[in-house]
Each structure stands twice: as C-alpha cells, then as structure tokens.
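Positions are given from 1 along the sequence. Remember, it's 1-based here, ligands and their atoms both numbered in the order they're listed.
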Amino acid sequence: MSSEEREFLIIGGGIAGLMMAYKLAKNGRSFLLVDDAPLNSSSRIAAGMFNPISGKRMTVNWKAMELLDSLHQAFGDFEKILGKNYLVKATIHQAFGNVKESNDFGARLDNPLFKNFINETALAKTPLLAEFGSFEVEGSGWVKTKEWIKDYQLYLLNQGNYLQDKIDWANIQDEQGKWQFGKHTFSKVICCEGHQYFKNPHFNWLPFKLCKGQVLHIKCAGLPKEYILKKGVYLVHQYEDVFKVGASYEWDYEDDQPDDLGREMLLEKLRQMIELPFEVIHQDAGIRPTTRDRGAILGSHPSLENLFIFNGLGTKGILQAPFLAKHLTDYLLGGAPIFPEVDVTRFNTFYPNSQ
Ligand SMILES: Cc1cc2nc3c(=O)[nH]c(=O)nc-3n(C[C@H](O)[C@H](O)[C@H](O)COP(=O)(O)OP(=O)(O)OC[C@H]3O[C@@H](n4cnc5c(N)ncnc54)[C@H](O)[C@@H]3O)c2cc1C
C-alpha cells in the first residue's frame, strides 16, 4: 500500500464503515479503511434481516421506502463489483404471540403505508405454530452480511484501500488540520467503530445504550428456505438445512460472549414456534451500537471540524446503512443538511466542552 495523502480515513469495517467506503468510492474520493476484523463484531454475526415493520408495536420504519430503495441499489452494485448476489428477498411469515397482538395489528391496518407491506391472511404453508393467527410482511429479506464483509474487504485490500489493524487513538494525531496515522496523512476521519465508540476520546461522551444479542445456528429438516419465520424470534436460512435463530435483546450484560442464559431463552422461544426436531450447532454473541433514542448518529464533531461519525445503527444496520451512508456522503461532499432524527448535534449538550 502506498503512503500518499488521502482524503478520508474510515475507522471500522462493519456495515457502517463498508457502506461509507462504497459511497466514497462511487464518488471517486480517496480513502483508507482500517478495521481490526474481530470474528464477533455485530455486523459479522447479524442475521442481516431487513424488515420495513419495526418492533412489537409494528410501526412502519422511518423512511421505509427510501431505505429499501437504497438497500436494493447498493446490493445491485455489489453484485456488479463482486460478482455475487448477497441479498435474498423473502417474505416474513409472522405469528401473533397473543390475542392483544392480533387486535393491535387489526387497528394498524387503517394505515395505508403499513397495509402496503402486509398480507393479512398468510399465503405461506409453513410449520410455524400460529394458534392466534398469522400474517405476512413483504419487502423483507436478508443480506448475507458475513460473506459480503469478507468479500468487500478483500476487494478493498486489492484496490489498496484497506488495512487490517487496530487504531489506537494515542497514535493518531491532528496536526495543522491533517490527521497523521503512521506514514499516512488524511484530511478527514470518519469514525464507524460500532459499540467500541467508548474507546474513542472524541466521541465517548455520546449517549449510547448498548444491547447485547445472541443467535443460534440450528440444523433442522422441514423448514422453508424461501421464507423467514417469526414469532418472538426469527428463523433465517443459512445453507443446506442450517438456519439462524435470533436474537436476544440484553440491556444488562457482563461480556460479549455467548452464554447459557441466552441459549435457553432462544430455545424456549423456538419451541413455541415450531414442533420439528432440531440440533444446535453453533452460538454467537455480539453488541449492537444502540442509542438512547434508537436513532443513528451522523455528522460532525462539535469542535474538531475534520472529524465525523457514522454510528448508532442499532438493531437495523443493514436496512439503514446504505441510505444513511449516502446521506452522510452528501453532507461531507456537498454540505447537504442532515436529518434532525439522526444528526449528532441533537446530543451536543452531552459534549463536555459544550458550556
Ligand atoms: C445478534 C445480533 C443480530 C443482529 N441481527 C440483525 C439483523 O438481522 N439485521 C440488521 O439489520 N441488523 C442486525 N443486527 C444489528 C447490526 O449488526 C448492527 O446494526 C450493525 O452491524 C452495526 O454495524 P457497525 O459497522 O456500526 O458496527 P460493528 O459491526 O461493530 O463494526 C465496527 C467495526 O469497527 C471495528 N473497530 C472499532 N474500533 C476500531 C479501531 N480503533 N481500529 C480498528 N477497527 C475498529 C470493530 O472491530 C468492527 O469490526 C444484529 C446485531 C446482533 C448483535
């Protein structure tokens, strides 16, 4: 890799950092992406599911149509760049957990945007146990995130734009408006560090509320590969008869490792979902970069004008990242305003030097 000056240093090669790299490359900008490539980063263990309907209250995601358009466009481009298809379109067959959920769902059908994504009567014949009824969500699917990350990082390496390394903030200096990292010089730094934001002395004041998640890989014959099944947890096809079961949401946790508590919770929910025999073959855990108000975090550091952040993707990394990476790129390259819902300035009162 050559040591010439580049415009951007991207710190972190999860979904956020890689989507920034893709957008900057698309705009012909020079950059280096540095990632320490741990096996259990949130992006690497995620099921990569995208679903325009959010949470227990079943609301349509913020800017759902734009997010979906950007996602499909990005992975259409990756198919051309990397020669592989990573995005699988799949309807979600979802069961109600109780009568209240079914009633709440009925009330939501008055919303035309919600109805747009819903089949009230499930057409799928799947082994999902649905004693309170079921429905389908369309516009959903999953991205093979682990495979895409591996392939795109290798592509960036071959282009001379990737370095596997850990950046220690003690070794990176801001000198006369340029960032110095080893032999490299950059005009701007974009921090995409996921839950490790707290190791960054410039952004460790942000009000993240991190959430641990665990997933199981099970082997199970008789499950449909072309649908996502959902009832408390989801089942997403991986390969052959292997499916991913996820995920737990743990707000108080001791470490980022898989444990018996997470496994038992997932198994209990799985047994309420299907009656087929299965075998657990693997378990993973990771930490989601979730924020206090559940919004992503984009924009400029309050006092260092050549330092930026793209983080806080939370539970919906793959759906949000392509649209938000373009949004941040438009801000960086053209000064376009950032949506208030995701602008880092909404948290500026937390900044210690804000007085
Ligand atoms: C169990 C689980 C299941 C999930 N399922 C889904 C799902 O189905 N769909 C979905 O959309 N989202 C899902 N998510 C959420 C999704 O994974 C996150 O929103 C997303 O991965 C966050 O991406 P990120 O790039 O911000 O962070 P990360 O994935 O954490 O990536 C940050 C990267 O930066 C590196 N890094 C940090 N600091 C440095 C440094 N100083 N030097 C070098 N490298 C550094 C890290 O090691 C890491 O590789 C899930 C998360 C979990 C935990």
Side-chain angles (χ1 to χ4, degrees), residues 9-21 32-52 54 61 67 71 87-88 90 92 140-146 148-150 153 162-172 181 189-204 208 210-217 228 230 233-236 238 244-250 253 256-258 262 265-266 283-291 294 296-298 309-322 324-325:
L9 168 64
I10 302 172
I11 305 178
I15 294 172
L18 290 172
M19 281 298 171
M20 275 317 296
L32 178 69
L33 183 146
V34 180
D35 184 48
D36 58 349
L39 293 176
N40 73 335
S41 72
S42 190
S43 300
R44 286 174 181 85
I45 67 151
M49 235 174 76
F50 54 92
N51 177 0
S54 284
N61 210 83
L67 297 184
L71 176 72
L87 186 148
V88 182
I92 298 173
S140 46
W142 70 90
V143 170
K144 298 169 188 171
T145 44
K146 194 173 178 181
W148 165 66
I149 289 171
K150 185 165 114 318
Q153 287 193 346
Y162 174 87
L163 177 67
Q164 186 175 330
D165 199 355
K166 186 165 189 69
I167 289 196
D168 180 342
W169 278 95
N171 298 330
I172 166 168
F181 167 56
V189 174
I190 309 173
C191 303
C192 307
E193 297 147 308
H195 79 278
Q196 297 193 55
Y197 79 97
F198 62 88
K199 295 180 185 161
N200 178 336
H202 304 295
F203 282 118
N204 59 5
F208 278 83
L210 304 177
C211 180
K212 178 174 175 178
Q214 303 195 47
V215 286
L216 300 176
H217 288 221
I228 295 168
K230 196 164 178 232
V233 288
Y234 53 71
L235 269 167
V236 177
Q238 301 295 291
K244 196 171 263 192
V245 185
S248 67
Y249 291 83
E250 301 166 45
Y253 54 85
D256 63 356
Q257 295 302 305
M265 190 283 278
L266 291 170
Q283 184 175 358
D284 270 325
I287 311 289
R288 302 174 182 91
T290 324
T291 59
R294 305 288 185 275
I297 300 182
L298 276 67
I309 187 163
F310 182 26
N311 205 329
L313 290 176
T315 58
K316 298 215 157 203
I318 205 67
L319 179 60
Q320 300 191 88
L324 292 179

Among protein heavy atoms, which sits nearest to atom 9 (N) of ligand 1, and what does the distance come to when rounded to 0.1 Å?
-> M49 O, 2.9 Å
Geometric N/O contact I287 with ligand 1, under 3.5 angstrom | no
Ligand 1 contact by D165, heavy-atom criterion under 4.0 angstrom | yes
Quick one: do I15 and V143 satisfy side chain to side chain contact (heavy atoms under 4.5 Å, CB included)? Show the steps, please.
-> CA-CA 11 Å; I15 294 172; V143 170; over 6 Å; no
Min heavy-atom dist Q320 to ligand 1 below 4.0 Å = no
What do the steps show when you test I149 against Q153 for side chain to side chain contact (heavy atoms under 4.5 Å, CB included), and what is the final call?
-> CA-CA 6 Å; I149 289 171; Q153 287 193 346; 3.9 Å; yes
Hey, could you give me the CD1/CG distance between I10 and L32, rounded to the nearest 0.5 Å?
-> 8.5 Å
Do you know which two heavy atoms are closest between L210 and I287, and how far apart they sit?
-> CB-CG2, 3.7 Å
Option nearest atom 5 (N) of ligand 1 (shortest heavy-atom distance, choices A37, G13, A47) | A47
List every atom of ligand 1 that sits less than 4.0 Å from any heavy atom of G317, numbering the atoms from 1 in the order shown and giving each element.
-> 10 (C), 11 (O), 12 (N), 19 (O)
Any atoms of ligand 1 less than 4.0 Å from a non-hydrogen atom of G213? List them with their elements.
-> 1 (C)
Side chain, backbone, both or neither: which part of R44 comes within less than 4.0 Å of ligand 1 when only heavy atoms are counted?
-> side chain
To the nearest 0.5 Å, atom CG of L298 lies from atom CD1 of I190 at 10.0 Å
What protein heavy atom sits nearest atom 6 (C) of ligand 1, and how far away is it?
-> A46 CB, 3.6 Å
Any C192 heavy atom less than 4.0 Å to ligand 1 | yes
Atoms of ligand 1, numbered as shown, that sit under 4.0 Å from any heavy atom of I45 = 1 (C)
By number and element, which atoms of ligand 1 are closer than 4.0 Å to a non-hydrogen atom of G12?
-> 33 (C), 34 (O), 35 (C)
heavy-atom search around atom 2 (C) of ligand 1 in the protein gives R288 NH2, 4.0 Å
Distance to 0.1 Å, residue and atom name: give those for the protein heavy atom nearest to atom 19 (O) of ligand 1.
-> G314 O, 2.6 Å
Closest to atom 44 (N) of ligand 1 (judged by heavy-atom distance), picking from V215, D36, D256 = D36
Begin from the C-alpha positions of L9 and I167 and carry the test side chain to side chain contact (heavy atoms under 4.5 Å, CB included) through to its verdict.
-> CA-CA 11 Å; L9 168 64; I167 289 196; 3.9 Å; yes
Distance, nearest 0.5 Å, that separates OG of S42 from CG of D284 | 11.0 Å
Closest protein heavy atom to atom 12 (N) of ligand 1, given as residue, atom name and distance to 0.1 Å = T315 O, 3.2 Å
Ligand 1 to G286, heavy atom cutoff 4.0 Å, flagged ligand atoms 53 (C)
Report yes if I167 has an N/O atom closer than 3.5 Å to an N/O atom of ligand 1; otherwise report no.
-> yes
Backbone of L313 reached by a side-chain donor or acceptor of Q320 within 3.5 Å | yes
Numbering as shown, the atoms of ligand 1 that approach L313 to under 4.0 Å (heavy-atom distance) | 19 (O)
Under the ring pair (Phe, Tyr, Trp, His ring centres under 6.0 Å) test, residues paired with F208 that sit two or more places apart | Y197
Taking both backbone and side-chain atoms of I318, is any N or O found less than 3.5 Å from an N or O belonging to ligand 1?
-> yes
If you have a sec, work out which protein heavy atom is nearest atom 35 (C) of ligand 1 and how many Å separate them, to one decimal?
-> D35 OD1, 3.1 Å
Based purely on interatomic distance, does S42 place a nitrogen or oxygen under 3.5 Å from a nitrogen or oxygen of ligand 1?
-> yes
Atom 37 (C) of ligand 1 sits nearest the protein heavy atom E193 O, 3.5 Å
Would you mind finding which of S43, P258, G14, G17 brings a heavy atom closest to atom 29 (O) of ligand 1?
-> S43
Rounded to the nearest 0.5 Å, how far apart are NE2 of H217 and CD of Q238?
-> 5.0 Å
Taking all non-hydrogen atoms of both residues into account, name the closest pair between M19 and P322 and its distance.
-> CE-CG, 3.7 Å
Identify the two heavy atoms, one from V88 and one from K144, that lie closest to each other, and give their separation to 0.1 Å.
-> CG2-CE, 3.8 Å
Does Y234 have a heavy atom less than 4.0 Å from any atom of ligand 1?
-> yes
Write out the residue and atom name of the closest protein heavy atom to atom 39 (C) of ligand 1, then the distance separating them to 0.1 Å.
-> I11 CG2, 4.0 Å
Atom CG in L319, atom CG in N51: separation rounded to 0.5 Å?
-> 8.5 Å
So W169 and C191, side chain to side chain contact (heavy atoms under 4.5 Å, CB included) or not? Walk me through it.
-> CA-CA 11 Å; W169 278 95; C191 303; 3.8 Å; yes
Which of the ligand 1 atoms, numbered from 1, are nearer than 4.0 Å to a heavy atom of K166 | 42 (N), 43 (C)
Counting only heavy atoms, which portion of A16 has something under 4.0 Å from ligand 1: side chain, backbone, both, or neither?
-> both
Residues in salt bridge (charged side-chain N to carboxylate O under 4.0 Å, His left out) with D36, at least two apart?
-> K166
Subset of ligand 1 atoms that lie under 4.0 Å from at least one heavy atom of K316 = 11 (O)
Distance, nearest 0.5 Å, that separates NZ of K316 from CZ of R288 | 12.0 Å
Heavy-atom distance to atom 22 (C) of ligand 1: which of A321, P289, G246, S41 wins?
-> P289
Can you name the nearest heavy-atom pair linking G48 to T145, along with the distance?
-> CA-CG2, 4.0 Å
